[in-house]
2 protein chains.
Amino acid sequence: MKTTSGTVSIDGIDKTILRALMEDARTPILEIARQVGISGAAIHQRLRKLEKSGLIAGSKFVINPKVLGYTTMAFVGIYLDKAMSNPEAVKQLKKIPEVIECHYTTGNWSILIKILCKDNAHLMYLLNKDIQTIKGVSRTETFISLDQQIQRQINI
Amino acid sequence: MKTTSGTVSIDGIDKTILRALMEDARTPILEIARQVGISGAAIHQRLRKLEKSGLIAGSKFVINPKVLGYTTMAFVGIYLDKAMSNPEAVKQLKKIPEVIECHYTTGNWSILIKILCKDNAHLMYLLNKDIQTIKGVSRTETFISLDQQIQRQINI
DNA sequence: ATTGAAAATGGCTAGGG
DNA sequence: CCCTAGCCATTTTCAAT
C-alpha cells in the first residue's frame, strides 16, 4: 500500500528501510535487503530516491551529554522588548553553545530555547551572564527538565 | 591538550572524529583518518574506546517531517492533578506517536511535551481528543513553534 | 523497479613498535 | 597509542530485464 503525505509517497519497503536507519544509521544495506527480501542494489536505489526527495535530512551520531558532565537540561522562555528584533536575538543566542534549540513561539514569550549545561550553577551563569545580558531581553522563565521521559522522531 | 569532563577524557583527535560523525554518521573512517593524519586502524580503535565509554549513544538517520506533511511543531505544558502520578501520564503520552519529547519539569507544569503534527487542525485534535482526555490532566498551555531557528547537539 | 555480479571502497584484526 | 598489511564486508555502479 502506498501512502501519500505531503509531497512524497513511500511504500512499505521504504518504511522498513527508514525505520532501520532511523534506529541505527549504520545498519548495512544488505541486512535491510535480507529483511525485506529484495536485493541490496534495490535498497540502494530507494535510498538515493529518498535522499533526493529531501525526506532524509542527514545522519548523525548521537552523543550522551551526561558522560561529558552535562547533566542539566532546561527550557527558557524569553520575553523580548518590542524594539528588539527576533533575528538579532537569535544571532546572539547562536553564540552560546549551550543553547541547543531555539524556537520562535506563539504565546507568552517571543522565544523558547532549550539549553544543556553541567549543573545548576552553570545554568545560573548562562542565564545571568549570557542570556539576560542580550540587548532586548527583558525577562526569562526557566523550566528545568528533571527527567526526559520520551525522545523520538516522527513515526514512519 | 586533553580535556577531562565528567568521567571521560577526550583529546583533539577524538573531538575531530566526533565532530565529523555528529555531522554525518556515515563519514568513512578512512576519510577522517586522512583528515587528522593518522591511520584508519587508529581511528577505529579510538571509536571503540569512545563507544565503550558511553559517550556515543548511537547513530540515527534524521527525517525531515515537513516532507511528510508535518509542518506544525508545538510545546504543550501539562498540569496534572495531585492524584495523578507522572509515570501513569507518561505511559499514556507514549501511546501518542506525535509526542516526540516529554519532560518532567520544574515550574508551572508537571510535564512539558513537544509534539509534531500536520497542521493546526491536527494539533487541536491531539489536544482535545488525546491529551486532555488523559486521566489527571487538568489543563494545558500550548506554544506553537513558528520557526525553529537553532537545532544542534552539545558542542564538542 | 529490480537483479546479479563486478569493481571500488571501507572496516576490522593481528602483529609489532 | 600508533602503524602496516591482509582479509573480509559493504557500497556503488551497470547492463539487462
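Below, read A as the first sequence line, B as the second, and so on, with proteins coming before strands; counting in each chain starts at 1. Owing to the predicted nature of the structure, the values given are computational and were not obtained by experimental measurement.
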Query raised in the report: Can a side chain N or O of A/His44 be found less than 4.0 Å away from OP1 or OP2 on D/dT12?
Result: yes

Give the table of side-chain donor-acceptor pairs shorter than 3.5 Å for residues 53-64 of chain B, with sequence neighbours excluded, one pair per line with atom names and distance.
unit_1, atom_1, unit_2, atom_2, d
B/Ser53, OG, B/Leu50, O, 2.7
B/Ser53, OG, B/Leu55, N, 3.2
B/Ser59, OG, A/Asp24, OD1, 3.0
B/Ser59, OG, A/Ala25, N, 3.0
B/Asn64, OD1, B/Lys66, N, 3.1

Query raised in the report: Residues in salt bridge (charged side-chain N to carboxylate O under 4.0 Å, His left out) with A/Arg48, at least two apart?
Result: none

Requested in this report: Measure the distance from CD1 on A/Ile29 to C1' on C/dT9 and round it to the nearest whole Å.
Outcome: 13 Å

Query raised in the report: Can you list every side chain to side chain donor-acceptor pair (under 3.5 Å) pair that touches residues 146-156 of chain A, not counting sequence neighbours?
Result: A/Gln149-B/Asn86

Requested in this report: Please list residues of residues 17-26 of chain A whose heavy atoms come under 4.0 Å from any atom in DNA chain C, ordered by number; otherwise none.
Outcome: none

Query raised in the report: Which residue pairs pass the side chain to side chain donor-acceptor pair (under 3.5 Å) test with at least one member in residues 73-83 of chain B, sequence neighbours excluded?
Result: B/Tyr79-B/Arg139, B/Tyr79-B/Glu141

Query raised in the report: Quick one: ring pair (Phe, Tyr, Trp, His ring centres under 6.0 Å) pairs with a partner in residues 10-39 of chain B, sequence neighbours left out?
Result: none

Requested in this report: Scan for ring pair (Phe, Tyr, Trp, His ring centres under 6.0 Å) pairs involving residues 135-156 of chain A, sequence neighbours excluded, and state none if there are none.
Outcome: A/Trp109-A/Phe143, A/Phe143-B/Trp109

Listed pairs, N/O of protein and of nucleotides 2-4 of chain C, under 3.5 Å:
unit_1, atom_1, unit_2, atom_2, d
C/dT2, OP1, A/Arg46, NH2, 2.9
C/dT2, OP2, A/Arg46, NE, 3.0
C/dT3, OP2, A/Ser39, N, 2.5
C/dT3, OP2, A/Ser39, OG, 2.7

**Report entry** Of all pairs that satisfy ring pair (Phe, Tyr, Trp, His ring centres under 6.0 Å), the ones with a partner from residues 11-40 of chain B, not counting sequence neighbours
**Finding:** none

Query raised in the report: Which heavy atom of B/Val99 sits nearest a heavy atom of A/Ile150, and at what distance?
Result: O-CG2, 3.9 Å

Please tabulate, one pair per line, all N/O donor-acceptor pairs under 3.5 Å involving side-chain atoms of residues 30-39 of chain A, not counting sequence neighbours.
unit_1, atom_1, unit_2, atom_2, d
A/Ser39, OG, A/Ala42, N, 3.2

Query raised in the report: What ring pair (Phe, Tyr, Trp, His ring centres under 6.0 Å) pairs are there with at least one residue in residues 19-46 of chain B, not counting sequence neighbours?
Result: none

Query raised in the report: Between D/dT12 atom C1' and A/Leu30 atom CG, what is the distance in whole Å?
Result: 11 Å

Report task. Grab the CG-P distance between B/Leu50 and D/dC1 for me, whole Å please. Result -> 10 Å

Query raised in the report: Over its full length, what angle do the end axes of the helix from C/dA1-D/dT17 to C/dG17-D/dC1 make, each axis taken from five pairs and the result rounded to 10 degrees?
Result: 30°

Query - Under 3.5 Å: donor-acceptor pair, side chain of A/Arg46, backbone of A/Ile13 - result: no

Report summary line: 5'-most contact on DNA chain D (nearest-nucleotide basis), A/Glu31 vs A/Arg48, goes to A/Glu31

